[in-house]
Amino acid sequence: MDKKELEKAIEKTVLKMAMDPKNTEHYHELAKYYAMDNQYEKVISVYETLLTLDPKDMQTLINLGSIWYYAKDYKKALKYFNEAVLVNPSNYLVYYNMGNTYAELKNFAKALHFYSRALDFNSEDPEIYNAIGLLYHDFEDYVEARAYYEKTLSIDPNNLAALIDLGNVSYKIFDYEKALEYYNRVFTIAPDNKTVALCIANTMAVLKDKKKAYEFFDRALELEGDNYKTYICYAIAKSDYNDYDDAIGLYKKAIELNPKEVNAYILLGNLFSNLKKYKEAEEQYREALKINKLDPSLFVLIANTYFMNNEVERSIFSYRAAVNLRPENDEYKLVFIQVLEDYIAESRKGDVVANF
């Protein structure tokens, strides 16, 4: 449905609502059209109006909770999900959504509780098992994560999310061959999956198969989707294989693609620093600092660059800036104090003490 068709459908539905204002189906229809047009504020308004007519409309409560969940307003999401539970305490989907919300809030116990409640009412839904696997994965219990991912596959052998997640957890525990096995299964089913092409490329790079790694990085770049992460991962692999000029070019492409993201600047700065090109490294860190002006770690990186380039006084000022921004960070303090004390000791040997 194109824009004009949507507008006509909305006008027609609004007219139907005016003629029959108590028919809740019209509200659902209008909300659907607004959602298709990405007008989510109007979707919320329609649903809230509908709830004044029918406070126990289950689908509306779930949809409103889901909208606020994706908007990352988890408090409002839980409000509507809790109301939905009161309407129908045996609806597994509500518990599943509550589990997802608590997982985002990093509340392991409550997330697991609500996922378990969802399984009480629907024990054969593979997405619930996969969600529990992700929960354990996020909390770094990789053995349990793998068990739940495998349970997902026992129900749905071609579940792409579970296969990728199993690949990821295998990669995490350094079982790269097993990770590759899962990623390849996904790629067989979905050869246009950009994410898994990149996963295969990264795994091949770790396994020191340069040719295959580069082949899959190139393939990932050709597939539809955002290439920022692909450029960065490819650049890291190029650096590992000492193809430094290519790596620099790829980082610059990432920066060109998304100049407001700091990651590529920092990684390019690190590469220049490793190559002892300290001025170039400083330039990249300062570009990152323009975006994240109050990030103390960037001042530390700049200070490290000065220190390695024997510009100790300048490094001290940058270390101190980091300490001032994050006075509770003991690591920053220790580095600053050590560099300052060493500098003062060296200065005293020549009867010169700088004023810091």
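Note that this is a predicted model, so its numbers are computed, not measured. Along the sequence shown, residues carry numbers from 1.
With sequence neighbours excluded, the residues forming a salt bridge (charged side-chain N to carboxylate O under 4.0 Å, His left out) with D120 are R117, listed by chain and number. The side-chain contact (heavy atoms from CB on, under 4.5 Å) check on D243 picks up K210, Y214, K238, Y241, D246, with sequence neighbours excluded. Residues passing the salt bridge (charged side-chain N to carboxylate O under 4.0 Å, His left out) test with K279, sequence neighbours excluded: E311. Partners of K172 under the salt bridge (charged side-chain N to carboxylate O under 4.0 Å, His left out) rule, at least two apart in sequence or in another chain, do not exist in this structure.
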Indicate every side-chain donor-acceptor pair of residues 250-259 with a distance under 3.5 Å to a residue at least two apart or in another chain.
none

Run the side-chain donor-acceptor check on residues 188-202: report pairs under 3.5 Å with partners two or more places apart or on a different chain.
residue	atom	partner	partner atom	Å
T188	OG1	N184	O	2.9
N193	OD1	T195	N	3.1
N193	OD1	V196	N	3.0
K194	NZ	A220	O	2.5
K194	NZ	L223	O	2.7
K194	NZ	N227	OD1	2.5
N202	ND2	L198	O	3.4

Please set out all donor-acceptor pairs under 3.5 angstrom arising from side-chain atoms of residues 62-70, sequence neighbours excluded.
residue	atom	partner	partner atom	Å
N63	OD1	Q59	NE2	2.8
N63	ND2	Y47	OH	2.8
N63	ND2	Q59	O	3.4
S66	OG	I62	O	2.9

Which donor-acceptor pairs under 3.5 Å do the side chains of residues 74-81 make with protein atoms, sequence neighbours left out?
residue	atom	partner	partner atom	Å
Y74	OH	E104	OE1	3.4
K79	NZ	E83	OE2	3.1

Determine all donor-acceptor pairs shorter than 3.5 Å in which one atom belongs to a side chain in residues 173-182; sequence neighbours excluded.
residue	atom	partner	partner atom	Å
D175	OD1	K178	N	3.3
K178	NZ	E181	OE1	3.4

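Residue pairs satisfying the salt bridge (Lys or Arg N to Asp or Glu O under 4.0 Å) criterion with at least one member in residues 33-62, sequence neighbours excluded, are listed as follows: K3-D37. The stretch residues 287-301 participates, sequence neighbours left out, in these side chain to side chain donor-acceptor pair (under 3.5 Å) pairs: E287-K290, D295-S297. Under the ring pair (Phe, Tyr, Trp, His ring centres under 6.0 Å) criterion, the residue pairs touching residues 104-123 are Y95-F121, Y102-F114, F108-Y136, F108-F139, with sequence neighbours excluded.
E5 places a side-chain N or O within 3.5 Å of a backbone atom of D2 that can act as its donor or acceptor partner. Remark: the backbone N or O of L93 is paired with a side-chain donor or acceptor of N97 at under 3.5 angstrom.
Two rings, from Y234 and F217, have their centers less than 6.0 Å apart. Taking the six-membered ring for Trp, F187 and F216 have ring centres closer than 6.0 Å.
In this structure the side chain of I266 reaches within 4.5 angstrom of the side chain of L298, judged on heavy atoms.
Judged by the 6.0 Å distance and 45° axis criteria, K151 is positioned over the aromatic ring of Y129.
Across I164, L163, L166, a single residue satisfies side chain to side chain contact (heavy atoms under 4.5 Å, CB included) together with R185, and that is L163.
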